[in-house]
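Scroll down for the structure; my scribbles are underneath it.
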Amino acid sequence: MPELVEVETVRRALEPVLHGARITAAAVMHPRTARRNERPDDVAERLVGRRVTAVDRHGKFLLCPLDEDLLWVIHLGMSGRVTVVSPESPVERHTRFRSATDRGDEIRLVDPRTFGFVAVFTPEEAKRSSLAKLGPDALTALPPTRLLARTLEGRRAPIKALLLDQRVLAGLGNIYADEVLHRAGIDPLRAGGDLDVADVERLRRSIRPVLEEGLRHGGTSLDDLAYLLPDGRAGEFLTRLRVYGREDQPCLRCGTPIIRRVVAGRSTYSCPSCQR
DNA sequence: AACGATCCCTGTTGGC
DNA sequence: TGCCAACAGGGATCGT
């Protein structure tokens with residue numbers, strides 16, 4: 001599934017393709033994909049003729065600043081995939097968006113479940129959008145322990161739910177939240193406000209290594225339907241997961257069977273012995 | 001304000 | 001074998 005690691009992998013692949021390129025054509029192929037723009041027609045109209053000045057990321061959002069002070073936003077949702085192909089390349093099933101550059105590349109969003117979207121915002125629109133509510137990026141702007149502890153203070157929601165809340169920290173999704181909590185030795189169901197400073201410190205120190213290990217392996221491809229690298233390869237992190245999807249299998253640290261529970265409406269995997 | 005539940009989507013899976 | 005309900009989940013929205 002596309003979480004921070006997968007989006008960052010896509011960003012790194014897109015940067016040399018898009019940075020400095022001019023968009024020569026754009027088309028939204030499915031109305032739902034443009035739903036985040038107040039005027040859906042703006043997406044294609046605003047893109048054509050613009051130059052991409054940077055390829056950035058905040059949490060799970062891919063952010064491409066354009067000239068004319070516009071911001072091109074791509075979110076992969078849960079089944080979105082960005083492909084870089086030649087314009088003659090056959091259009092894959094579930095292609096929701098296409099754009100061409102003056103360098104002869106075509107950038108497409110293939111997204112069967114249409115949870116992803118493409119938007120082009122003015123600065124004012126960006127400020128009104130959910131982008132403005134995102135917390136600090138979990139990889140590039142991880143807050144110091146005391147600040148993170150302050151954020152969690154008094155919160156009664158399970159720490160797993162808080163890690164999934166993009167306003168608390170931007171980028172973690174269901175897979176990496178479970179992996180981080182296992183590495184930190186924290187029970188996903190504990191209330192955020194119950195964590196003491198030592199817990200928060202372990203939590204904070206677990207985030208970067210888990211994300212960086214994911215990045216080294218090209219992210220997590222659960223199956224060939226969902227996330228793939230832009231060149232079509234599958235990410236290899238699936239085989240390195242310690243808890244996610246491993247119900248009843250032995251904990252790789254202590255051998256206790258991994259359990260599955262539902263937290264915040266999401267499958268949550270943990271070791272009942274290592275995580276307290 | 002915080003929190004849990006529900007909904008949006010469609011390909012895949014598992015039970016009968 | 002075939003059918004269909006259940007499941008997966010990021011984020012918006014709604015009710016409490």
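Protein chains get the first letters and strands the later ones, always in sequence-line order, with residue 1 at the start of each.
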(request) Test D178(A) against every option in K160(A), R183(A), R261(A), R260(A) by the salt bridge (Lys or Arg N to Asp or Glu O under 4.0 Å) rule and name the one that passes. (result) K160(A)
(message) Does R113(A) contact dA8(C) through a side-chain donor or acceptor facing the base, at a distance under 3.5 Å?
(response) yes
(message) Please confirm whether the shortest side-chain N or O distance from H94(A) to OP1 or OP2 of dG11(B) is below 4.0 Å.
(response) yes
(message) Measure CD/E247(A) against P/dC7(C) and give the value in whole Å, please.
(response) 12 Å
(message) Using whole Å, what does the distance between atom C1' of nucleotide dG10(C) and atom CG of L76(A) come to?
(response) 11 Å
(message) Quick test of your reading of the model: are R190(A) and D194(A) salt-bridged, counting only N-O distances below 4.0 Å?
(response) no
(message) Return whichever of R156(A) or G265(A) has its heavy-atom-nearest nucleotide of DNA chain B closer to the 5' end.
(response) R156(A)
(request) Determine: side-chain N/O of S79(A) to OP1/OP2 of dC9(B), distance under 4.0 Å, yes or no. (result) no
(message) Looking at Y244(A), I'd like to know whether one of its side-chain N or O atoms comes within less than 4.0 Å of OP1 or OP2 on dG9(C).
(response) yes
(message) Heavy atoms only, 4.0 Å cut-off, all strands: where does R35(A) land among base, sugar-phosphate and nothing?
(response) nothing
(message) So F61(A), base contact, sugar-phosphate only, or nothing? Heavy-atom distance under 4.0 Å.
(response) sugar-phosphate
(message) Between C1' on dG4(B) and CD1 on I159(A), what's the gap in Å once rounded to a whole number?
(response) 17 Å
(message) By a 5.5 angstrom centroid cut-off and a 30 degree plane limit, is there stacking between F115(A) and dG9(C)?
(response) yes
(request) Could you state the atom-to-atom distance from CD of E3(A) to C1' of dA8(C) in whole Å? (result) 13 Å
(message) When you measure from the side-chain N and O atoms of Q166(A) to the phosphate of dG11(C), is any distance below 4.0 Å, counting only OP1 and OP2?
(response) yes
(request) Rounded to the nearest angstrom, tell me the gap between atom CG in D165(A) and atom C1' in dG9(C). (result) 15 Å
(request) Answer yes or no for R96(A) and F117(A): cation-pi contact, defined as NZ/CZ to six-membered ring centre under 6.0 Å and angle to ring axis within 45°. (result) no
(message) So, OP1 or OP2 of dG11(C): does either fall under 4.0 Å of a side-chain N or O from H75(A)?
(response) yes
(request) Rounded to the nearest angstrom, tell me the gap between atom CG in L164(A) and atom C1' in dA12(C). (result) 15 Å
(request) Identify the two heavy atoms, one from R204(A) and one from L142(A), that lie closest to each other, and give their separation to 0.1 Å. (result) O-CD2, 3.5 Å
(request) Kindly indicate whether the side chain of R155(A) and the base of dG4(B) share any N or O donor-acceptor pair separated by less than 3.5 Å? (result) no
(message) Taking the side chain as everything from C-beta on, heavy atoms only, tell me whether T122(A) gets closer than 4.5 Å to R128(A).
(response) no
(message) Heavy-atom nearest nucleotide on DNA chain B for T114(A) versus L162(A): which residue maps closer to 5'?
(response) L162(A)
(request) Pick base, sugar-phosphate or nothing for R93(A), based on heavy-atom distances below 4.0 Å to the nucleic acid. (result) sugar-phosphate
(message) Please confirm whether the shortest side-chain N or O distance from R167(A) to OP1 or OP2 of dC3(B) is below 4.0 Å.
(response) no
